[in-house]
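FYI, the numbering just counts along the sequence from 1.
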Amino acid sequence: MSEADIDFYFDPVCPFAWMTSKWVRKVVARREYTVDWKFISLRLVNAEIDYDSHFPPGYSEGHTSGLRLLRVAARARAEHGRAAVGPLYESISGEIFDSSEAPKLTPERRGSREFVEPLLARAGLPAELAGALDDTSWDVQLRAETDEALSLTGKDVGTPIIHFGPPEGTAFFGPVISRLPGDEEAVRLWDNVVGLASFPGFAELKRSLRERPQLRSFGVEVGSAGVEEDWHGGSRRLKK
């Protein structure tokens with residue numbers, strides 16, 4: 001049972017989960033909330049999906065690299081405690097999406113020991129944890145936690161999933177945001193989201209039009225707005 005104020009389920013290769021997590025960190029710093037950073041694997045969510053017909057090229061490799069990185073995070077949690085996950089998530093996804101190398105990173109590179117070992121060190125963790133990249137025994141735990149997340153929201157969702165006031169509180173997919181709000185705006189947005197989540201009958205607000213997220217990996221710098229596109233089924237593939 002979670003003792004945190006917020007359970008945040010993430011896949012480290014999801015740009016919208018990363019953007020939302022940066023917003024949550026801003027709020028946590030001002031409201032002194034506690035967060036349990038938990039796992040949901042997009043590769044396992046889509047295990048029965050034909051990637052070629054449902055996603056643009058490269059998504060299978062991208063989601064697989066996320067699963068490999070989650071194995072490392074699961075081992076880090078098992079051996080170094082739950083407090084190790086937040087800094088590791090910040091180290092890995094910060095490199096994937098916000099670093100100067102971000103636009104050049106391939107899925108193969110993201111899922112490699114050469115990529116993850118220095119990021120483990122940055123998070124204060126031993127490089128030997130990278131050995132979990134190929135260790136499929138962690139997938140049982142990752143599948144269970146993915147199923148746990150989906151049991152809170154239903155299956156027609158993506159990442160992130162936030163569980164407010166677990167275990168009794170409401171959980172939702174999102175919010176999906178493309179820009180990082182300023183400090184005061186972040187808190188106002190949080191209060192509005194919590195207000196919706198606190199109403200038992202609230203289910204969904206959604207639009208498929210999204211700006212490309214304000215991340216270097218998408219070529220969008222801080223202070224700029226990304227091109228607006230129609231996202232469908234978790235990707236930029238246009239509806240037919």
- Message: Against Glu229, only a single residue in Arg210, Arg212, Arg207 fulfils salt bridge (Lys or Arg N to Asp or Glu O under 4.0 Å); can you say which?
- Response: Arg212
- Kindly work out whether a path of hydrophobic side-chain contacts (I/L/V/M/F/W/Y, heavy atoms less than 4.5 Å apart) joins Leu42 to Val116. no
- Query: So, the side chain of Ser91 versus the backbone of Leu88: is there a donor-acceptor pair under 3.5 Å, distance only?
  - Reply: no
- Mind checking whether Leu209 and Val176 sit in one hydrophobic cluster, side chains of I, L, V, M, F, W, Y counted as touching below 4.5 Å? no
- Item | Sub-4.5 Å side-chain heavy-atom contact between Val220 and Pro213 | no
- Report yes if some heavy atom in the side chain of Arg43 is under 4.5 Å from a heavy atom in the side chain of Ser60; otherwise report no. yes
- Query: Do NZ/NE/NH1/NH2 and the carboxylate oxygens of Arg31 and Asp191 come within less than 4.0 Å?
  - Reply: yes
- Task: Can you run down the ring pair (Phe, Tyr, Trp, His ring centres under 6.0 Å) pairs that involve residues 128-185, sequence neighbours left out, and say none if there aren't any?
- Result: Phe164-Trp190, Phe172-Phe202
- Should Asn46 and Tyr59 count as side-chain neighbours, where that means a heavy-atom distance under 4.5 Å? no
- Item | Asp36 side chain reached by Val85 side chain, heavy atoms, under 4.5 Å | no
- By side-chain hydrogen bond (donor to acceptor under 3.5 Å, both in side chains), Ser21 pairs with (sequence neighbours left out) none
- Query: So does Asp156 have more than 12 non-hydrogen atoms from other groups sitting under 6.0 Å from CG?
  - Reply: no
- Under the 3.5 angstrom rule, does the side chain of Thr153 hit a backbone N or O of Ala171 as a donor-acceptor pair? no
- Those residues at least two apart in sequence (or on a different chain) that pass side-chain hydrogen bond (donor to acceptor under 3.5 Å, both in side chains) with Glu79 are Arg75
- Query: Is the side chain of Gln214 donor-acceptor paired with the backbone N or O of Gly226 at a distance under 3.5 Å, no angle test?
  - Reply: no
- Query: Would you find a donor on one side and an acceptor on the other, under 3.5 Å apart, between the side chain of Glu145 and the backbone of Phe39?
  - Reply: yes
- Hey, are the side chains of Gln141 and Arg77 touching, using non-hydrogen atoms and a 4.5 Å cut-off? yes
- Task: Flag the pair Ile162 / Pro175 as yes when at least one side-chain heavy-atom distance between them is below 4.5 Å, and no otherwise.
- Result: yes
- Message: Can you pull out every ring pair (Phe, Tyr, Trp, His ring centres under 6.0 Å) where at least one residue sits in residues 99-137? Sequence neighbours excluded, please.
- Response: none
- Task: Could you walk me through whether Lys22 and Asp98 pass salt bridge (charged side-chain N to carboxylate O under 4.0 Å, His left out), step by step?
- Result: CA-CA 11 Å; Lys22 295 201 293 182; Asp98 289 324; 3.1 Å; yes
- Task: Show your reasoning for whether salt bridge (charged side-chain N to carboxylate O under 4.0 Å, His left out) applies to Lys104 and Glu101.
- Result: CA-CA 6 Å; Lys104 297 181 285 185; Glu101 294 298 309; 3.5 Å; yes
- Message: So, taking the atom named CG in Asp139 and the one named CG in Leu67, what distance separates them when rounded to the nearest 0.5 Å?
- Response: 4.5 Å
- Item | Gap between atom CZ of Phe55 and atom NE2 of His63 - 0.5 Å precision | 5.5 Å
- Do Leu205 and Ile177 share a hydrophobic cluster (ILVMFWY, side-chain heavy atoms under 4.5 Å, transitive)? yes
- Item | Leu189 to Pro181 - nearest heavy-atom pair and separation | CD2-CG, 4.4 Å
- Item | Backbone N/O of Ser41 and side chain of Asp11: donor-acceptor pair under 3.5 Å | no
- Task: Indicate yes or no for a side-chain donor-acceptor contact from Thr159 to the backbone of Ala17 under 3.5 Å, with no hydrogens or angles considered.
- Result: no
- For the side chain of Arg110 and the backbone of Ile96, is there at least one donor-acceptor N/O pair under 3.5 Å apart? no
- List for me each residue that meets salt bridge (charged side-chain N to carboxylate O under 4.0 Å, His left out) alongside Arg30, sequence neighbours excluded, and say none if there are none. Asp183
- What heavy-atom pair brings Ile6 and Tyr33 nearest, and what distance separates the two atoms? CD1-CB, 4.0 Å
- Task: State, yes or no, whether a side-chain contact exists between Leu69 and Val13 at a heavy-atom distance under 4.5 Å.
- Result: yes
- Where is the tightest heavy-atom contact between Ala132 and Arg71, given as atom of each residue plus distance? O-CB, 3.2 Å
- Item | Over all atoms of both residues, closest heavy-atom pair of Ala84 and Ala76 | CB-O, 4.3 Å
- Message: Quick check against the 3.5 Å criterion: does Ser99 have a side-chain atom that pairs as donor or acceptor with the backbone of Ala102?
- Response: yes
- Task: Any chance you could measure Thr146, atom OG1, to Tyr9, atom OH, to the nearest 0.5 Å?
- Result: 9.5 Å
- Message: Trp18 and ring pair (Phe, Tyr, Trp, His ring centres under 6.0 Å): which single residue from Phe8, Tyr89, Phe218 fits?
- Response: Tyr89
- If you measure from CD1 on Ile161 to NZ on Lys38, what distance do you get to the nearest 0.5 Å? 11.0 Å
- Query: Can you name the closest pair of heavy atoms from Ile40 and Gly158 and give their distance?
  - Reply: CD1-O, 4.4 Å
- Closest non-hydrogen contact found for Leu105 with Arg109 is CD2-CG, 3.5 Å
- What pairs with Ser137 under side-chain hydrogen bond (donor to acceptor under 3.5 Å, both in side chains), at least two apart in sequence or on another chain? Asp135
- Task: Could you tell me whether the side chain of Leu133 reaches within less than 4.5 Å of the side chain of Val72, counting heavy atoms only?
- Result: yes
- Task: Test side chain to side chain contact (heavy atoms under 4.5 Å, CB included) on Val193 and Trp23 and set out the steps.
- Result: CA-CA 12 Å; Val193 170; Trp23 163 62; 4.1 Å; yes
- With hydrophobic residues grouped by side-chain heavy-atom distances under 4.5 Å, do Leu196 and Val187 end up in a single group? no
